[in-house]
Amino acid sequence: MTKALILDSTLREGEQTPGVSFSIEEKVEIARALDDANVPMIEAGHPAVSKDVSDAVKRISAERLTAQILAHSRAMISDVDAALTTDVQRIAIFIGVTETKLKSLKMTEETAIEAAVKSVQHARDHGVKVRFTAEDGTRADRNYVVKICQAAIEAGADRISIPDTVGIMTPDAVRETFSWFSSKLNAELDAHCHNDLGMASANALAAIEGGATAVHTTVNGLGERAGITSMEPFAVALKVLKGIDTVNLGKLPEISLLVEKYSGVPISPVQPIVGENAFSHKGGVHAAAVIFDPKTYQAFPPNIVGR
Ligand code: HCA
Ligand code: CU
C-alpha cells in the first residue's frame, strides 16, 4: 500500500446531484482549481449526455492542465465517439454487471462482454487510454466481473473500476474485495464508493489497503443520492492516518467554497475539514483544555488544511 491517486468526479458524478447543474465557465473554473491543488485525474463529464456537457469537456481538455482529463461513456460506440470528439486523454467506459442490470439492458453476460470489448477497442484504436468500470461490481457475481474485466483489459483497458454503486459495503468487505480483484486482474484498480450508509470515506480507505491505487471523490461529497467519498476528509485521512500525500490539503477549503457557490449545495457547519465548526470548541472543559494544549481535543492541527 504505497500509492494512492485521487480522481475527482465533481464535474461528472457531482453534477448528478439532484438540482445541481454547473455552467461551462463554472466547470472550467472548478477544473482549474482542482488542477491547481494537484488532483491527478479529473472526470469532466459524460459527453453523450448533451451538447453542453460535451462542450464543457472540450473546453477543459483544451486547457491542457497537468491533470489527466477523463470523459465518461456507456459501453456503446456512439457514446465513445461523443467522448472522442472532446479530445480527452482517457475514456471511462462502464456497463452494469449485475443480473438485474443486464436484464434491464436486455443483454446477456456474453453480449455485455462483446459491448465492453468493442467499445474499449474502439477507444484504443483512436489512441486514448481506457478505464473500464464494472458498474455495481460489488453486488455482482465476482467470477463474471473478473471475466468481463479481463476481456476489457485484453482489449486495452489499463484501469478497472469496481464501484460500490449503491453504497452497501463495509470497510472489511471492501478491503477483501480489492485484495481479491487485485490478485485476479492485471490492471490498476479504482474504488468508487457511494455514501448511502455514511461509509464512503472509510470504504475508500479500506480499498487502498486492499490494493486500489485510485479513489474517486467529489468536492463536498456531491453525487447521486447521498453522494460519494468527499475529497476533503478523505485526502486528510490518507495523510493523517496513513502518511500518504495526495492533493494539496491547504487548497481544500477554497475549493469546497467554490463548489458550494456553484452547486448551491450548502456546506454543513459540522462537515469535516471545511464545516464552520470543524475546528471549533464549545464546552468549557474542551475550551480550557485546548487553551492548555490544542491536541487535547484535536485529531490533527487545523493548519494542515490552512485553517
Ligand atoms: C452510475 C455509474 C457510476 C460509475 C462509477 C465509475 C457508479 O452513475 O451508476 O465509473 O467508476 O456509481 O457505478 O457512478
Ligand atoms: Cu457513482
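Order of listing sets the numbers, starting from 1, for every ligand and every atom in it.
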Would you say Arg12 contacts ligand 1, with heavy atoms under 4.0 Å as the rule? yes
Judged by non-hydrogen atoms, does Glu224 sit under 4.0 Å from ligand 1?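 No heavy atom of Glu224 comes that close to ligand 1.
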Output the list of atoms in ligand 1 that are nearer than 4.0 Å to some heavy atom of [X], sorted by atom number.
X: Glu13; answer: 14 (O)
X: Ser161; answer: 6 (C), 11 (O)
X: Pro163; answer: 13 (O)
X: His194; answer: 12 (O)
X: His216; answer: 11 (O)

How close does the nearest protein non-hydrogen atom get to atom 13 (O) of ligand 1, and which residue and atom is it? Thr165 OG1, 2.7 Å
Considering only non-hydrogen protein atoms, determine which one is nearest to atom 9 (O) of ligand 1 and report residue, atom name and distance to 0.1 Å.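 For atom 9 (O) of ligand 1, the nearest protein heavy atom comes out as Glu135 OE2, 2.5 Å.
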Check whether any side-chain heavy atom of Asn38 sits under 4.5 Å from a side-chain heavy atom of Thr66, and report yes or no. no
Presence of salt bridge, Glu43 and Arg90, under 4.0 angstrom: no
Going by an N to O cut-off under 4.0 Å, is there a salt bridge joining Glu232 and Lys251? no
Atom CG of Asn186: over 12 foreign heavy atoms under 6.0 Å: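 No - once you tally the heavy atoms of other residues, nucleotides and ligands closer than 6.0 Å, there are 12 at most.
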Is the CD atom of Glu276 crowded by more than 12 outside heavy atoms at less than 6.0 Å? no
For Tyr262, which residues count as a ring-ring contact (aromatic ring centres under 6.0 Å, His included) partner, sequence neighbours excluded?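 For Tyr262, no residue satisfies ring-ring contact (aromatic ring centres under 6.0 Å, His included) once neighbours in sequence are set aside.
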Using only atom types and a distance under 3.5 Å, with no angle test, would you say the side chain of Thr229 pairs donor to acceptor with the backbone of Thr217?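 No, the answer is negative, given that no donor and acceptor are paired below the 3.5 Å cut-off.
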Please name the atom of His194, restricted to N, O or S, that is closest to the Cu ion (ligand 2).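 It is NE2, the N, O or S atom of His194 closest to the Cu ion (ligand 2).
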The Cu ion (ligand 2) to Glu13: nearest N/O/S atom name: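 Closest to the Cu ion (ligand 2) among those atoms: OE1.
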So between His72, His192, Gln16, whose heavy atom ends up nearest atom 10 (O) of ligand 1?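 Result: the heavy atom closest to atom 10 (O) of ligand 1 is in His72.
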Taking the six-membered ring for Trp and the single ring otherwise, decide whether the centroids of Phe279 and Phe300 are under 6.0 Å apart. yes
